[in-house]
Asker: 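Pasting a structure here, questions to come.
We count ligands from 1, going down the list as the structure has it; atoms in each ligand are counted the same way. Heavy atoms only: backbone and side chains are in, while hydrogens, waters and symmetry mates are out.
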Amino acid sequence: MISPYGEKLKSMAKQEDLFKKIIAHAKEYGFVFPSSEIYDGLSAVYDYGPNGVELKKNIRNYWWKAMVQMHENIVGVDSAIFMHPTIWKASGHVDAFSDPLIDNKDSKKRYRADVLVEDVMAKLETKINKEIAKARKRFGESFDEQQYRETNPRVNGYIQQIEEIKKRLYSAMDKEDMEAIKLLIEDLGIADPVSGSKNWTKVRQFNLMFSTQMGSTADGASQIYLRPETAQGIFVNYLNVQKTARMKIPFGIAQTGKAFRNEIVARQFIFRMREFEQMEMQFFVRPGTELEWFKNWKRERMKWHTAMGIPANRFRFHDHEKLAHYANAATDIEFEFPMGFKELEGIHSRTDFDLSAHEKFSGRKLRYFDSEINESYVPYVVETSIGLDRMFLALMSYAYTEEKLKDGSERVVMKLPPFLAPFKIAVFPLTKKDGLPEKARKIMDGLKSDFMCFYEEKDTIGKRYRRHDAIGTPYCVTVDHQTLTDNTVTIRERDSMKQERIAIDKIAGIVFERLRTK
Ligand code: ATP
């Protein structure tokens, strides 16, 4: 018999295995490659291949459509990556955008000190959940979780341990007291997960911004930074946009673009990269209304995620207990990745922190005259911020499916939402002769201005189907001898593998219908 612990290990191994398969699949089918691979790669930097770039662009367009096209009061910008260095002083990134790092002297591995402590809390949380699951089974219908949490001595003990650790960690982080974090690691007896060693260095603060020089040294070069978030490009353009687009509060500014962070621990494929892309929207509101808008954007953003067709139970909110100094409410939308529930998107009520800081540092007024209440104020901001690469990984994790077919064979199918799939239609002539390729090309020419299409004539139809299942193409169209006489084709749907004989002029309608977003 396998113990529950054994079961858990088995399922963890399975998830790890799944993650490895997704990474291998992403490379084999031209979604994501390690960057600079012929030079052995560059840590935590990735390139997108021909299928990846299509999927990424489709996700970006879906976000843009939902945020900008569907909201008359949201407009876009595309600000430069290089920005005036004082911006990063004003935003707090120069002084405070750092993580505490610690090295293990034996394994030479580097860790984020706060994450090591958080892992201990997560383990305690798992123990609590296990106890609760056991008790629920024992007590059945009458089980009262709240009461159990409060009265069961073991569970209560774990809860108190978590509270105690949290208090020490948050207080040390707030005071930037690196020695207190080190002491906490020692008191908790945390060992290096790789080597088991407790031989740690001191904890040091490490700023995550990449810097470089602008201009030649002779000219008096200045140090500038690669932006660690796209948001500041929106804040510093607030007035330009508000005036030129004649926006009235409440209104939003959206931007997608690259961001750079010199992450200490950059693992887990495209989940945590040093160069990545963000899709951010800052929504400017009247002070005092921000918490209502925060609720609104929580709802709206969750709707965006679930409208893709991914089951709602793969997402959850994680409201922040500990708020950043500039926020008065914050939540993460977490997705169940193969390595568990992790942050996919952040929604923050940032008060007037950013605009006020830019007023102070730039000496320019960044205010809004609200004619409805006859008052001028610095607007409050609610931000939604999602990593495009993380969304890409979420979709790959959801879509990757291994199936055993009735005839005993197996297939890997990427069950991507059809409107996001890299290609929408693959067109195949049954054979390479008898005028079938010419006919197929003609059909493809009629479709390609509306849809990303793929033409293939190599290998058997079965093999061609498998290749398109593997990249998630929702429809394959086969041209055979009958097509030449009656202008009909076989259309095959990816998920059901159902085939239907239809007239050529019906293809576009069927595909359009399937691609429609809610
Ligand atoms: P984390 O806690 O995972 O480091 P964060 O809270 O620092 O993330 P934010 O600053 O809120 O992240 O950035 C908004 C979004 O940008 C995140 O929800 C995530 O999707 C994405 N993101 C942040 N850092 C990275 C990274 N290094 N690689 C890929 N995506 C990232």
Asker: Tell me which one of Q278, R261, E280 gets a heavy atom nearest to atom 10 (O) of ligand 1.
Answerer: R261
Asker: Can you tell which part of R274 has a heavy atom less than 4.0 Å from ligand 1: side chain, backbone, both or neither?
Answerer: neither
Asker: Number the atoms of ligand 1 from 1 as they appear, then name those within less than 4.0 Å of a heavy atom of G387, with their elements.
Answerer: 15 (C), 16 (O), 19 (C), 20 (O), 21 (C)
Asker: State whether the side chain of N73 and the backbone N or O of P250 hold a donor-acceptor pair below 3.5 Å, judged by distance alone.
Answerer: yes
Asker: For E263, counting its heavy atoms only, list the atoms of ligand 1 lying under 4.0 Å from any of them.
Answerer: 24 (N), 26 (C), 27 (N)
Asker: With ring-ring contact (aromatic ring centres under 6.0 Å, His included) as the criterion, how do F353 and H325 come out once you've worked through the C-alpha distance, each side chain's angles and the decisive distance to 0.1 Å?
Answerer: CA-CA 9 Å; F353 173 82; H325 57 286; 5.1 Å; yes
Asker: Verify, without hydrogens or angle tests, whether R227 (side chain) and K258 (backbone) share a donor-acceptor contact under 3.5 angstrom.
Answerer: yes
Asker: Between the candidates L344, I386, N262, which shows the shortest non-hydrogen contact distance to atom 20 (O) of ligand 1?
Answerer: L344
Asker: At less than 4.0 angstrom from any non-hydrogen atom of E345, what atoms of ligand 1 do you find?
Answerer: 18 (O)
Asker: Does the ring-ring contact (aromatic ring centres under 6.0 Å, His included) test come out yes or no for F337 and F271, once each step is laid out?
Answerer: CA-CA 9 Å; F337 288 97; F271 181 83; 5.3 Å; yes
Asker: Is the count of non-hydrogen atoms from other residues, nucleotides or ligands lying under 6.0 Å from K360 atom NZ greater than 12?
Answerer: no
Asker: List the residues meeting side chain to side chain contact (heavy atoms under 4.5 Å, CB included) with D187, not counting sequence neighbours, and say none if there are none.
Answerer: R168, L183
Asker: How close does the nearest protein non-hydrogen atom get to atom 19 (C) of ligand 1, and which residue and atom is it?
Answerer: R390 NH1, 3.5 Å
Asker: With sequence neighbours excluded, tell me which residues meet salt bridge (Lys or Arg N to Asp or Glu O under 4.0 Å) with K20.
Answerer: none
Asker: If you have a sec, work out which protein heavy atom is nearest atom 28 (N) of ligand 1 and how many Å separate them, to one decimal?
Answerer: M273 N, 2.9 Å
Asker: Can you report which non-hydrogen protein atom sits closest to atom 4 (O) of ligand 1, along with the distance?
Answerer: R272 NH1, 2.7 Å
Asker: What part of E343 sits under 4.0 Å from ligand 1 if we count only heavy atoms: the side chain, the backbone, both or neither?
Answerer: side chain
Asker: Identify, by atom number and element, the atoms of ligand 1 in contact range of H348, meaning under 4.0 Å from any of its heavy atoms.
Answerer: 11 (O)
Asker: Considering the heavy atoms of F271, write down every atom of ligand 1 situated less than 4.0 Å from one of them.
Answerer: 28 (N), 29 (C), 30 (N)
Asker: Look at R301 together with E345 and state whether they make a salt bridge at an N to O cut-off of under 4.0 Å.
Answerer: yes
Asker: Quick check: does any side chain N or O of T289 sit under 3.5 Å from a backbone N or O of V285, one acting as donor and the other as acceptor?
Answerer: no
Asker: Before signing off on this row, confirm whether F276 and ligand 1 have an N or O atom pair separated by under 3.5 Å.
Answerer: no
Asker: Please could you name the atoms of ligand 1 that S385 approaches to less than 4.0 Å, counting only its heavy atoms?
Answerer: 13 (O), 14 (C), 15 (C), 18 (O)
